[in-house]
Amino acid sequence: MANWTLNDIDWQAFDRSKVAPELVSLAKSACMVEHNGHDYARYLCEVFSDDAEFQKVAHLWAEEEVQHGKALRQWAELADPAFNFDESFKAFTDGYKLPVGGGGSVRGSRCGELIARCVVESGTSTYYTAISEYTDEPVLKQICAHIAADEFRHYKLFYTHLKRYLEKEKLGAFKRFAVALGRITESEDDELSYAFYTAHRGKDTQEKYDRKRSARRYLAAVARVYRKDHIERLVAMVLKAVGLKPNGWLGRASGWLGWQVMQFRAA
């Protein structure tokens, strides 16, 4: 479990003069996705229905994800007292449903599911590191540093179980790479774009949800906080998960390409 709680955050240090508007937007969106951790755990427990060891891990992981959501929510409410989390979260969970109840993995195998989780944890670890280093607001900096450390530990946790399942399923490097690439392209899926939309629509807003428009707005906001070294670290973690050398030519080329994409998004 995480070695920190909400009580460990120095909430009294909050400095409104150092709040960046773009980070308020990102915190509002992230707190809802993170707060939905128990539904993710339910899905994972269905995929690994006969693996009690992994199910225990999934439940502990979900508790930490929910704590991330609570911390980000509390900060977002300090930064924007008008933010109505309960209303936004209800709209988010009403409009976006995880694939629970199916029993199997949407990735086609348990190895595929664990690779996808490693990709997500690679992204969140570097994402919260980037925010922590981008912001001057001391409370958000502290929160995101804690979350980034948790997410990196989660990556290592899922990677450990991936190695265990690779011994059983023998999923080749090409298929592993295909799963990872598929999960990366889902950065424009309905979950993130819908979270961004529901976090920012007001009671009087008549703007209807448009996935592409919301995804563009979300990714443009995200891209501004990244540096090149964050992208290179993300790429290295993903390549390791799919069984490829992170420090070879592929890693360098992928890092360069990822940074070009981020710069385009920011522009």
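Between Phe152 and Ile147, the closest side-chain pair of non-hydrogen atoms is not below 4.5 Å. Contact of the Leu234 side chain with the Met237 side chain is not registered, since no non-hydrogen atoms from C-beta on lie closer than 4.5 Å. In this structure the side chain of Gln142 never reaches within 4.5 angstrom of the side chain of Glu137, judged on heavy atoms. Taking 4.5 Å as the limit, every side-chain heavy atom of His68 sits out of range of all side-chain heavy atoms of His146. Proximity of Tyr155 to Lys240: side-chain heavy atoms (C-beta onward) are separated by under 4.5 Å at one or more points.
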**Q.** Stepwise side-chain contact (heavy atoms from CB on, under 4.5 Å) check, Glu232 with Arg227
**A.** CA-CA 9 Å; Glu232 290 172 342; Arg227 297 195 311 261; over 6 Å; no

Could you go through Tyr209 and Ser193, starting from their C-alpha distance and side-chain angles, then the distance that decides it, and tell me whether this counts as side chain to side chain donor-acceptor pair (under 3.5 Å)? CA-CA 9 Å; Tyr209 173 62; Ser193 59; 2.7 Å; yes

Applying side-chain contact (heavy atoms from CB on, under 4.5 Å) to Glu34 and Gln67, what does each step give before you reach the verdict? CA-CA 8 Å; Glu34 299 276 6; Gln67 177 169 282; over 6 Å; no

- Dump the intermediate steps for side-chain contact (heavy atoms from CB on, under 4.5 Å) on Asp10 and Val139, then the final yes or no. CA-CA 7 Å; Asp10 184 10; Val139 176; 5.7 Å; no

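Evaluation of the salt bridge (Lys or Arg N to Asp or Glu O under 4.0 Å) test over residues 69-79, restricted to residues two or more places apart or in two chains, returns Arg73-Glu77, Arg73-Asp86.
In this structure, Leu171 CG and Ile115 CD1 are separated by 5.0 Å, a value rounded to the nearest 0.5 Å. Leu26 contributes atom CG, which lies 9.5 Å from atom SG of Cys144 (distance to the nearest 0.5 angstrom). In this structure, SG on Cys31 lies 11.5 Å from CD on Gln74, to the nearest 0.5 angstrom. If you take CZ on Arg176 and CD on Glu169, they are separated by 11.0 Å, rounding to the nearest 0.5 Å.
A donor-acceptor contact closer than 3.5 angstrom is absent between the side chains of Thr129 and His230. Using modelled atom types, one finds a donor on one side chain and an acceptor on the other under 3.5 Å when comparing Tyr43 with Glu113. With no hydrogens or angles considered, no side-chain donor-acceptor pair links His38 and Glu65 at under 3.5 Å. Using modelled atom types and a 3.5 Å distance limit, the side chains of Tyr134 and Glu22 yield a donor-acceptor pair.
Ring-plane geometry between Phe196 and Tyr218 is classed as perpendicular, the angle between the planes exceeding 60 degrees on a 0 to 90 degree scale with a lower cut at 30. Taking the six-membered ring where tryptophan is involved, the planes of Phe48 and Phe54 are tilted, since the angle between them lies from 30° to 60°. Relative orientation of the Phe89 and Phe92 rings is tilted, given thresholds of 30° and 60° on the angle between their planes.
A continuous path of hydrophobic side-chain contacts links Trp75 to Tyr127 [ILVMFWY only; heavy atoms under 4.5 Å]. With hydrophobic clusters built from ILVMFWY side chains whose heavy atoms lie under 4.5 angstrom apart, Val120 does not share a cluster with Leu192. In the hydrophobic clustering of ILVMFWY residues, with side-chain heavy atoms under 4.5 Å counting as a link, Val33 and Tyr194 come out together. Taking hydrophobic clusters as Ile, Leu, Val, Met, Phe, Trp and Tyr residues chained together by side-chain heavy-atom distances below 4.5 Å, Tyr159 does not share a cluster with Leu157. Cluster annotation: Leu114 is connected to Leu239 through the hydrophobic network of ILVMFWY side chains, with a link wherever side-chain heavy atoms come within less than 4.5 Å.
Tyr165 carries Lys168 over the face of its six-membered ring, with the cationic atom under 6.0 Å from the centre and within 45° of the normal. Cation-pi geometry between Arg211 and Tyr197 is not satisfied (NZ or CZ under 6.0 Å from the ring centre, within 45° of the ring normal).
Salt-bridge annotation for Asp39 and Lys97: absent, with no side-chain N of the basic residue lying under 4.0 Å from a carboxylate O of the acidic one. Salt-bridge annotation for Asp210 and Arg216: absent, with no side-chain N of the basic residue lying under 4.0 Å from a carboxylate O of the acidic one. In summary, Lys141 and Asp15 do not engage in a salt bridge, as defined by a charged side-chain N under 4.0 Å from a carboxylate O. A salt bridge is defined here as a Lys NZ or Arg NE, NH1 or NH2 lying under 4.0 Å from an Asp or Glu carboxylate O, and Arg153 with Glu64 meets this definition.
Residue Phe14 forms a side chain to side chain contact (heavy atoms under 4.5 Å, CB included) with just one option from Leu140, Ile9, Leu78, and that option is Leu78.
Scored by the ring-ring contact (aromatic ring centres under 6.0 Å, His included) test, Phe158 finds Trp61 as partners (sequence neighbours excluded).
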